[in-house]
Protein chains: 2
Amino acid sequence: MSLDEIAKRANVSRATVSRVLNNYPHVRPHIRDRVLQAVQETGYIPNAVARSLVTKRTNMIGLLLPQDARETFADPFFAILIPSIAEACTVHQRYLMLSMVTLNQEEGFYQSVLRGGHLDGVIVGVSMFDDPILPQLIQDGLPLVLLGRHPYYPQAHWVNIDNLQAASQAVSYLAAQGRQRIALVSLPASLVAGADRRDGYKRALLQAGLPIDQRLIIETNGSYQAGQAAMSQLLQLDQPPDAVFAANDPLALGVLHELQNAGLRAPDDVAVVGFDDQPSAAYASPPLTTVHQPINDLGFKTVELLLEAIDGQFSAPQHRILPTTLVRRASA
Amino acid sequence: MSLDEIAKRANVSRATVSRVLNNYPHVRPHIRDRVLQAVQETGYIPNAVARSLVTKRTNMIGLLLPQDARETFADPFFAILIPSIAEACTVHQRYLMLSMVTLNQEEGFYQSVLRGGHLDGVIVGVSMFDDPILPQLIQDGLPLVLLGRHPYYPQAHWVNIDNLQAASQAVSYLAAQGRQRIALVSLPASLVAGADRRDGYKRALLQAGLPIDQRLIIETNGSYQAGQAAMSQLLQLDQPPDAVFAANDPLALGVLHELQNAGLRAPDDVAVVGFDDQPSAAYASPPLTTVHQPINDLGFKTVELLLEAIDGQFSAPQHRILPTTLVRRASA
DNA sequence: CTGAAAGCGCTAACAC
DNA sequence: GTGTTAGCGCTTTCAG
């Protein structure tokens with residue numbers, strides 16, 4: 001069923017039907033009612049595709065996830081982020097297209113997704129410094145916002161937390177308790193957030209007058225198991241750490257678990273601080289002290305920034321930084 | 001840039017350009033080359049919206065997730081399922097629209113998503129028996145496949161595992177070891193999968209000649225914490241269980257954890273079997289014996305069934321059941 | 001305030 | 001084999 005069936009039924013022109021459907025103000029009430037009634041009776045829904053063809057708007061935004069998205073999904077961070085983006089889209093009456101296309105697979109498909117006119121704009125979950133998809137994306141000129149800052153593309157909009165500052169705060173907290181040998185169980189340095197958190201760790205140590213000991217820094221892939229392995233390795237040191245800053249919560253939980261296996265206690269023997277404040281952090285034993293990031297807000301703000309970028313034109317790149325807080329529980 | 005710029009450049013008609021773009025067989029090689037070259041030079045990408053308007057195909061499929069989708073996302077089952085669906089879409093050159101629209105929010109938006117012509121078909125992650133969105137969806141007549149069987153809608157296509165049989169197998173395994181008091185830590189009975197697994201548990205007990213003891217059946221929301229709480233409750237019974245069948249892995253992991261807290265050992269004191277075989281199951285302590293479901297295949301098969309439903313016409317509803325296996329590790 | 005007409009970018013008969 | 005011609009279902013000038 002199409003617009004002009006409604007027009008016939010209501011005995012008006014197609015243009016008029018279009019006007020009432022789009023809430024055009026100056027339509028006489030009784031004729032507007034006639035149209036509305038016809039719509040009601042027939043259950044007519046306008047064809048979004050036809051509309052898009054003329055308006056050049058699809059009301060659809062893309063969410064592009066990094067190459068390693070499959071592992072990514074297992075990370076509770078994304079388990080919260082994605083639904084919040086989806087919800088933000090619904091709230092703002094937009095559709096969400098999820099894509100994990102990478103340059104590897106189907107170059108042509110990637111192009112058609114991005115440049116086929118299907119998307120009003122895209123959110124890119126950046127993570128790696130050298131993500132090969134970013135240069136293309138930025139060149140394409142589609143409205144774009146990065147989820148996570150990226151040092152190489154200052155011209156792009158992004159929303160992020162201040163990873164460096166947050167990590168630094170966590171480590172300073174440990175140092176202020178008199179911890180002398182604070183280890184870092186880190187994310188891959190190839191991730192921007194990984195590098196930022198590592199730098200925050202280092203900055204805090206230096207500010208506290210503590211030495212940076214490479215043996216206390218263990219780079220991991222960010223998983224629970226990697227946390228266990230890292231702690232196990234740290235425990236074999238001649239001088240094991242008396243505190244651990246884990247760059248995310250799964251890591252911290254793994255560290256805690258390994259500590260328990262070794263018959264050690266947190267925070268008595270080793271204090272541990274995590275990063276994320278995922279829901280289960282509060283239920284760990286002991287409950288995890290961790291950096292809370294407002295993942296939900298991150299999702300909403302990102303969508304909203306993109307929508308502004310799509311219709312308002314920013315003259316300068318927008319960089320929004322959301323606040324984090326250190327949540328003190330029992331583990332440190 | 002549009003199709004007829006290419007036509008002018010290559011000095012052919014728009015129809016011809018369209019033909020080479022759509023791999024129409026009978027185009028003379030040299031003229032095809034001329035077109036291709038023009039495309040190459042200009043970086044032209046066809047407008048998907050315009051194409052859709054005439055073909056009535058958008059190459060986009062929808063993934064509708066249940067009302068409680070936010071918790072859903074935290075479940076590792078979905079953390080694997082969603083990426084696999086996304087990947088299947090990419091492999092089949094389709095776009096994926098993710099939606100968590102429910103009847104509550106924005107009835108009109110929901111309608112426009114489904115009936116606006118944006119989607120060639122939808123996958124619905126059913127879970128609840130009484131999900132209010134299903135009746136509407138089925139009435140809409142959009143090609144549809146349910147992810148998980150639903151007893152009230154036999155006319156719908158679905159793909160699923162045999163939850164009843166799989167649960168029954170797990171419990172029989174416990175019974176065959178001589179376990180006498182096998183507890184069930186279950187999913188909500190309002191979920192189809194929850195009810196099916198519970199029924200499988202009961203069937204296995206009856207077949208093993210074991211009584212059904214309501215005190216040994218604890219219904220939960222399926223989370224890790226709920227698993228802990230359930231085990232704790234079971235331990236307070238006059239006659240605690242000597243085995244537990246947990247209806248998913250987070251639950252089983254919680255059970256294991258609580259056992260450890262109570263100073264008990266699996267499988268010596270209490271055997272435990274989970275369901276899902278999520279990646280971390282193998283790393284639990286002790287490694288978890290659990291029902292493996294082929295989540296990845298589930299995602300792929302679902303997409304493929306939908307694509308068949310979209311263009312092939314099935315005369316009868318298709319019900320695909322994927323095999324599960326009991327993975328024996330150390331916990332039982 | 002409303003209608004007529006053009007056209008968004010593409011595909012698909014239908015001729016030649 | 002290739003070009004011509006209609007639309008797909010909507011919005012949007014432009015008249016009136």
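Since the model is a prediction, treat every value here as computed from it, not as a measurement. Protein chains get the first letters and strands the later ones, always in sequence-line order, with residue 1 at the start of each.
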How close or far is atom [atom2] of [N] from atom [atom1] of [X], stated in whole angstroms?
X: A:Asn23; N: D:dT11; atom1: CG; atom2: C1'; result: 15 Å
X: A:Arg51; N: C:dG9; atom1: CZ; atom2: P; result: 18 Å
X: A:Leu21; N: D:dG9; atom1: CG; atom2: C1'; result: 12 Å
X: B:Ile6; N: C:dC10; atom1: CD1; atom2: C1'; result: 13 Å
X: A:Leu3; N: D:dT11; atom1: CG; atom2: P; result: 6 Å

To the nearest 10°, let me know how far the axis at one end of the helix from C:dC1-D:dG16 to C:dC16-D:dG1 is tilted from the axis at the other, five pairs an end.
-> 40°

Measure up the A:His118 and B:Tyr95 rings against each other and bin them: parallel (under 30°), tilted (30 to 60°), perpendicular (over 60°).
-> perpendicular

Side-chain N or O of [X] versus OP1/OP2 of [N]: is the shortest distance under 4.0 Å?
X: A:Tyr44; N: D:dG9; answer: no
X: A:Asn22; N: D:dT11; answer: yes
X: B:Thr55; N: C:dT11; answer: no

Nearest-0.5 Å distance, CG of residue A:Leu63 to OG1 of residue A:Thr302 | 9.5 Å

Could you give the distance from CG (A:Leu305) to CG (A:Leu147), rounded to the nearest 0.5 Å?
->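 So the gap between those two atoms works out to 10.5 Å.
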
Less than 4.0 Å between a side-chain N and a carboxylate O, is that true for B:Asp196 and B:Arg149?
-> yes

Taking atom types as modelled and ignoring hydrogens, do the side chains of A:Glu308 and A:Gln318 form a donor-acceptor contact shorter than 3.5 angstrom?
->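 Side-chain D/A pair, A:Glu308 to A:Gln318: absent.
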
Where do B:Ala38 and B:Arg9 come nearest, in terms of heavy atoms and distance?
->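 Closest approach of B:Ala38 to B:Arg9, heavy atoms only: CB-CB, 4.0 Å.
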
Looking only at heavy atoms, what is the nearest atom pair of B:Arg32 and B:Val20, with distance?
->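 Scanning both residues, the minimum pair turns out to be NH2-O, 3.9 Å.
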
Would you indicate whether B:Phe314, at its atom CZ, is surrounded by more than 12 heavy atoms from other residues, nucleotides or ligands within a distance under 6.0 Å?
-> yes

Residue that, paired with B:Met97, satisfies side chain to side chain contact (heavy atoms under 4.5 Å, CB included) out of B:Val122, B:Leu119, B:Ile61, B:Thr58 |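 That would be B:Leu119; it is the only one of B:Val122, B:Leu119, B:Ile61, B:Thr58 passing the side chain to side chain contact (heavy atoms under 4.5 Å, CB included) with B:Met97.
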
In the 5'-to-3' direction, what one-character label does each nucleotide of nucleotides 1-8 of chain D receive under the scheme B = base within less than 4.0 Å of a protein heavy atom, S = sugar-phosphate only, - = no such atom?
-> SBBB-BBB

